[in-house]
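Notes for the one structure printed next.
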Amino acid sequence: LLSPLLEKRLPSSQVFLHMVPPIPGTTNRDLGYLRVLFGNALQRFVAEHGPQLEKLRIASIEIKVWTSSTPPTPVRLVASKTARWEALAFSETIDDNGEPVKWTNIETGEEALTHDKLKPAIESRQSTKRQIARAAGSAYIYDFPALIRNSLTKLWMEYAAAEKIPDKLVSSVELALDSDGETLIEKEQYGTNKIGMVAWKLTLRTPEYPAGREIILIGNDITIKGGSFGTVEDTLFDKASKLARAKGIPRIYIACNSGARIGGVDELKSLVKVSWVNKDDPMKGFEYLYLTDSDYKSLPEESVTCHQITVDGETRHVLDAIIGKNLASTKGGIGVECLQGSGLIAGETSRAYEETFTLSYATGRSVGIGAYLNRLGQRNIQMVKGAMILTGPEPLNKLMGKQIYTSQDQLGGPHIMVPNGVTHQLVQNDQDGVEAIVRWLSFVPATVTSLPPMISAKDSISRKVQFKPIKGAYDPRHMLGGVMIDGEWVSGWCDEGSFHEYMAGWGKTVVVGRGRCGGLPVGIISVETRSCEKHIPADPQEPTSRDVIEMQAGQVWYPDSAYKTAQAIRDFNHGEGLPLVIFANWRGFSGGTRDMFAEVLKYGAMIVDALVDYKHPVTIYIPPNGELRGGAWVVLDPKINEEVIEMFADQEARGGILEPPGAAEIVFKKDKQVIELMHRCDHVLKDL
């Protein structure tokens with residue numbers, strides 16, 4: 001809606017509505033009620049239209065109304081993104097000239113003599129930072145708690161009536177390092193961070209936990225040094241993650257960064273001088289870099305090492321090495337120190353995955369250690385404009401000596417990270433990304449020692465599953481979540497509307513998701529019975545490379561789908577603590593030359609490893625018209641972990657080492673048993 005020219009100049013916009021006719025039947029006693037009505041209506045609006053608000057960059061909404069008292073009283077109803085869309089109401093005092101001179105907060109009674117509290121967010125000190133974040137393809141990190149509130153409101157609206165929604169859905173405490181940089185402390189001032197990492201302890205009031213559940217939210221601030229990881233940022237990340245592990249609560253990471261910080265001694269940039277081989281012809285090169293005597297003396301000790309020479313009576317300090325100690329620009333590390341910090345948080349993230357629930361959301365870009373943190377946390381949600389890369393296209397082109405890559409998406413965009421299984425879910429914008437986070441959390445217990453969260457089920461636990469699998473190919477999602485056929489709802493195994501698929505673009509012969517059965521969250525693994533396509537993209541680095549499309553048969557484990565199965569079992573087990581249901585309908589593993597070379601044997605064994613380690617109930621069920629053969633049976637047999645695994649089969653299901661034609665070839669030897677059977681049973685042959 002905005003002009004392209006204005007869109008480039010203005011980082012945000014404001015909605016103002018003035019309703020001139022007084023509201024019938026209202027008096028000054030109704031001011032508080034007006035605020036409540038405005039707040040409820042606004043939360044529903046933001047929940048339904050959050051992505052559009054983000055796209056239009058709307059940062060505040062203000063409505064001016066009049067009561068029907070005598071004389072009418074003007075009231076300002078205000079909400080802003082900065083305040084997480086919490087409604088405020090101000091009664092306006094007008095002078096004899098009809099000009100507003102004072103605004104009084106209806107709840108607190110505080111008075112404002114200026115319009116500061118009602119100013120558009122564009123005039124706030126955070127507007128520039130929001131503009132920088134948007135240029136990087138992400139929302140400003142301090143806006144994410146507000147996005148979480150919007151998503152919770154939408155989730156509550158799906159679950160309960162508006163009057164049952166708690167007033168304060170999100171409570172936050174920002175965490176920061178103390179002056180010594182060793183201990184986490186609570187921080188009060190909003191948006192005053194000096195480093196490129198932010199952490200919160202959030203309390204979310206969800207339909208599963210109306211009284212509240214705690215999470216740790218960690219995120220890069222892309223507006224400070226490109227969101228790069230310095231040693232101070234690494235320390236804050238490490239301490240916040242350890243707090244999540246100690247409390248056993250979910251750890252959410254918002255990734256938008258530039259990787260490990262490549263620092264420099266900024267103080268030297270304006271001081272260093274060059275001694276040219278020929279000052280009239282710089283193209284012949286230089287002899288050395290140096291500092292003048294006065295500049296050298298202005299630097300602290302151990303910042304540089306030099307040797308002194310005299311040229312034409314001038315004292316020069318020739319630079320031998322730049323140490324950078326005791327300088328402001330090098331605080332937080334400039335090189336190897338940052339890599340050590342990256343190793344610190346990489347190890348911490350790996351431990352966090354084993355001990356609590358970890359989830360990453362990649363927005364904008366994630367480079368180097370930022371991309372590794374996403375993978376080490378295992379569960380990932382990626383925005384379409386949130387590439388995960390090890391290094392940018394420019395360094396790679398430099399290395400190759402020619403222009404090959406033109407964008408970050410070529411290296412780590414959704415068309416790479418979704419098919420290779422790094423990305424579990426793809427979203428279109430940050431509001432959708434936060435909604436995906438909140439929905440994923442709805443399946444996760446409050447702590448690692450808690451039971452999965454139960455809610456009242458829409459469907460009866462004693463109901464019959466109406467969808468029945470057929471002998472041929474069918475969509476297994478219909479069996480899991482139900483389907484509308486000829487205008488009638490045919491229920492599936494999960495409660496209606498509760499099944500959500502993850503890793504849909506990877507290992508397509510297996511379907512993985514989370515859902516509810518009788519209100520209880522469960523992890524689900526099923527089989528795709530239809531043939532699928534596997535796309536292998538061409539590599540721009542190799543001129544002869546071409547896109548490859550491989551066909552994969554249904555009911556067969558391939559290397560990628562076997563790995564996907566093992567990965568899903570590990571995710572359900574670590575941090576989520578979900579009961580696992582496997583709808584087993586596999587004919588076996590693909591054992592061809594290419595798949596054996598692609599390590600199908602290794603990934604099949606990983607399924608056994610994951611089940612051996614599983615600590616929660618596992619149900620193996622062979623559905624109607626399903627079959628479980630050979631190695632597929634072996635990696636799922638209850639004997640693997642008898643304490644937690646049970647197996648059931650429908651009356652119309654089948655199991656065995658091989659399918660009947662293959663078994664017949666082995667059991668009945670053609671040159672002996674088959675000929676003997678022919679002579680025994682074929683009367684015509686007997687007569688001959």
Side-chain angles (χ1 to χ4, degrees), residues 11-12 43 46-47 50-51 53-55 57-59 79-86 121 124 126-127 129-134 136-155 168-176 187 190-193 195-206 213-224 227 233 236-237 240-241 244 249-257 358-366 370 373-374 377 380-383 385-386 425 427-441:
S12 57
Q43 292 304 320
V46 170
L53 291 175
E54 284 294 306
K55 183 177 181 180
R57 303 178 182 178
I58 294 174
S80 67
K81 186 177 181 179
T82 302
R84 304 175 190 173
W85 299 112
E86 291 190 11
S124 72
Q126 303 298 335
S127 59
K129 291 194 172 186
R130 284 195 176 89
Q131 191 174 20
I132 295 172
R134 289 194 182 101
S138 170
Y140 181 40
I141 185 62
Y142 277 92
D143 289 336
F144 275 94
L147 297 179
I148 291 175
R149 178 192 172 92
N150 300 345
S151 300
L152 284 175
T153 302
K154 185 174 183 179
L155 195 64
K168 195 167 186 179
L169 294 176
V170 181
S171 301
S172 65
V173 175
E174 186 175 348
L175 305 174
K187 181 181 172 185
Y190 165 89
T192 58
N193 60 310
I195 64 173
M197 189 72 68
V198 184
W200 288 275
K201 182 174 68 174
L202 300 180
T203 301
L204 312 182
R205 290 164 182 82
T206 68
R213 64 176 300 169
E214 289 185 336
I215 68 169
I216 296 296
L217 178 65
I218 308 172
N220 300 106
D221 187 348
I222 193 70
T223 69
I224 296 180
E233 285 82 2
L236 177 59
F237 185 105
S241 181
I249 59 177
R251 194 208 78 177
I252 312 299
Y253 171 47
I254 308 296
C256 184
N257 55 74
T358 56
L359 175 62
S360 300
Y361 171 52
T363 174
R365 63 175 182 266
S366 294
L373 291 176
N374 295 337
N380 289 299
I381 300 168
Q382 183 181 18
M383 190 177 74
K385 295 182 180 179
Q425 186 175 1
V427 296
Q428 297 299 313
N429 53 59
D430 287 324
Q431 182 65 69
D432 289 345
V434 172
E435 286 182 14
I437 292 172
V438 170
R439 196 169 296 279
W440 202 323
L441 284 171

### Task
Indicate yes or no: at least one non-hydrogen side-chain atom of Arg213 is less than 4.5 angstrom from one of Pro250.
yes
### Task
Check the side chains of Arg205 and Ser171 for a donor-acceptor pair under 3.5 angstrom, ignoring hydrogens and angles.
yes
### Query
So, for Asp432 and Gln428, which heavy atoms are closest and what is the spacing to 0.1 Å?
OD2-CB, 3.8 Å
### Query
Out of curiosity, Ile224 CD1 to Asn193 CG, how far, rounded to the nearest 0.5 Å?
4.0 Å
### Task
Determine, stepwise, if the pair Val434 / Asn150 fulfils side-chain contact (heavy atoms from CB on, under 4.5 Å).
CA-CA 9 Å; Val434 172; Asn150 300 345; over 6 Å; no
### Query
Is there side-chain contact between Tyr142 and Thr223, with at least one heavy-atom pair below 4.5 Å?
no
### Query
Got a second to check how far Asn257's CG is from Thr363's OG1, nearest 0.5 Å?
10.5 Å
### Message
Can you give me the closest heavy-atom contact between Asn374 and Ser366, atom names plus distance?
### Response
ND2-OG, 3.4 Å
### Query
Where do Gly137 and Met383 come nearest, in terms of heavy atoms and distance?
O-CE, 3.0 Å
### Query
With a 4.5 Å limit on heavy-atom distance, are the side chains of Gln431 and Glu435 in contact?
yes
### Task
Using the side-chain contact (heavy atoms from CB on, under 4.5 Å) rule, take Lys187 and Thr192 through it: C-alpha gap first, then chi angles, then the decisive distance, then the call.
CA-CA 9 Å; Lys187 181 181 172 185; Thr192 58; 3.1 Å; yes
### Derivation and outcome, side-chain contact (heavy atoms from CB on, under 4.5 Å), residues Ile222 and Tyr140
CA-CA 8 Å; Ile222 193 70; Tyr140 181 40; over 6 Å; no
### Summary
Separation between CD (Glu233) and CD1 (Ile195), nearest 0.5 Å, reads 5.0 Å
### Task
Identify the heavy atoms of Ala436 and Val427 that sit nearest to each other, and give their distance.
CB-CG1, 4.1 Å
## Note on the structure
Nearest heavy-atom approach of Glu174 to Trp200 is CA-CD1, 3.6 Å
### Message
To the nearest 0.5 Å, what is the distance between OG1 on Thr206 and CG on Leu169?
### Response
9.5 Å
### Task
Assess whether side-chain contact (heavy atoms from CB on, under 4.5 Å) is satisfied between Ile254 and Asn220, documenting all intermediate values.
CA-CA 7 Å; Ile254 308 296; Asn220 300 106; over 6 Å; no
### Message
To the nearest 0.5 Å, what is the distance between CG on Leu53 and CG on Leu147?
### Response
10.0 Å
### Task
Could you tell me whether the side chain of Ile252 reaches within less than 4.5 Å of the side chain of Ile437, counting heavy atoms only?
yes
### Query
Looking at side-chain heavy atoms only, is the closest gap between Ile215 and Leu204 below 4.5 Å?
yes
### Message
On a heavy-atom basis, which atom in Val438 and which in Ser151 lie closest, and how many Å separate them?
### Response
CG2-CB, 3.9 Å
### Query
Is Ser138 reaching over with its side chain to a backbone N or O of Gly364, donor-acceptor style, under 3.5 angstrom?
no
### Query
Between Asp221, Ile218, Leu236, Leu175, which is the residue that forms a side-chain contact (heavy atoms from CB on, under 4.5 Å) with Val198?
Asp221
#### Entry: Distance, nearest 0.5 Å, that separates CG of Leu373 from CG of Asn380
10.0 Å
### Query
Side-chain donor-acceptor pair under 3.5 Å between Asp430 and Tyr361, yes or no?
yes
